[in-house]
Amino acid sequence: AEDHRQRVCVEYFHQCPNKCDPDLELKLPQLEAHLDPKSGDCPLTEVPCPFKTFGCTFVSWRQSIPAHLDQAKYSHACLQVESWAQLNDIVASNAVAIEHISNQFSGLECTLRSVLELQRAVEERLETMDIGVRERQTEATFSIQLQIETLQTKLVELKRRMDDEITGEGMSRYPYELATKALSGGDAGQRLDTLQTKITELDHGLDRCLSSCLD
């Protein structure tokens, strides 16, 4: 229970461990603030000299710091001057490095601009190529469609001529085998061969057209 009151309980009143004032009693949160080396007000708390950052090594009770500051004005001024001189040396030594970094940054900016210009040029070139490909595809499609329509017309004409030949020779009464045999010779056979040759040529032309589209 005693340990709880001394270390944990925030409602229990404590005396200052430095015994700065025998009548002073504080709750735990106030006591911690009272003893804080930076912001506390206990006169018997050990604190460093405010000029510690400049190199002063003096440490004493808080109540002794004003007298030390009054006595060490000259030494504190010397420490400040020395610190400023060191700071100037650091700035001077880093000036070359800073300039080098600045030049590198400028170079990177130029490189970035060049890369962006190159990117725009590539995008424009790709767009132009894409338009060209679409135009070639359109032309090729039209050409293929024309070839297909021509082939279909030829096939219709072939069928009509075959019907005319069969009807003209009076072979519509014959079976299919006899009609085919009759068409295998004479003028009808020659015309049939000629039409077949034309169909073959159109087929080859269609293949060439497809190949040119794929190139």
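All residue numbers refer to positions in the sequence shown, counting from 1.
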Is there a side-chain contact between Pro48 and Thr57, using heavy atoms and a 4.5 Å cut-off? no

Any side-chain heavy-atom pair of Leu24 and Leu26 under 4.5 Å: yes

Membership question, hydrophobic clusters at under 4.5 Å side-chain separation (ILVMFWY): are Leu28 and Leu35 in the same one? no

Gap between atom [atom2] of [Y] and atom [atom1] of [X] - 0.5 Å precision:
X      : Y      : atom1 : atom2 : value
Asp21  : Cys42  : CG    : SG    : 9.5 Å
Phe13  : Leu31  : CZ    : CG    : 11.5 Å
Phe58  : Ser64  : CZ    : OG    : 6.0 Å
Cys110 : Phe105 : SG    : CZ    : 10.5 Å
Ile101 : Asn94  : CD1   : CG    : 8.5 Å

For Ile65 and Val47, work out which heavy atoms get closest and say how close. CG1-CG2, 3.6 Å

Residues Cys49 and His68: closest non-hydrogen pair is SG-NE2, 3.4 Å

Lys27: side-chain hydrogen bond (donor to acceptor under 3.5 Å, both in side chains) partners, not counting sequence neighbours: Glu11

Test item: [X] side-chain N/O and [Y] main-chain N/O as donor-acceptor pair under 3.5 Å:
X     : Y     : result
Asn18 : Cys20 : no
Arg62 : Pro37 : yes
Gln63 : Leu44 : no

Could you walk me through whether Cys16 and Glu25 pass the side chain to side chain contact (heavy atoms under 4.5 Å, CB included) test, one step at a time? CA-CA 7 Å; Cys16 175; Glu25 291 186 348; over 6 Å; no

Residues Asn103 and Ser106: side-chain donor-acceptor under 3.5 angstrom: no

If only side-chain N and O atoms count, and only distance matters, is there a donor-acceptor pair under 3.5 Å linking Gln80 with His76? no

Check the pair Leu116 / Gln119 against side chain to side chain contact (heavy atoms under 4.5 Å, CB included), numbers first and verdict last. CA-CA 5 Å; Leu116 292 176; Gln119 180 183 0; 3.9 Å; yes

Verdict with reasoning, His34 to Asp41, per side chain to side chain contact (heavy atoms under 4.5 Å, CB included): CA-CA 5 Å; His34 171 71; Asp41 57 0; 2.5 Å; yes

Just wondering, are more than 12 heavy atoms of other shown residues or ligands nearer than 6.0 Å to CD in Glu99? no

Could you give the side-chain donor-acceptor pairs of residues 82-90 under 3.5 Å, partners two or more places apart or in another chain?
from: Ser83; atom 1: OG; to: Leu79; atom 2: O; distance (Å): 2.9
from: Asn88; atom 1: ND2; to: Trp84; atom 2: O; distance (Å): 3.3

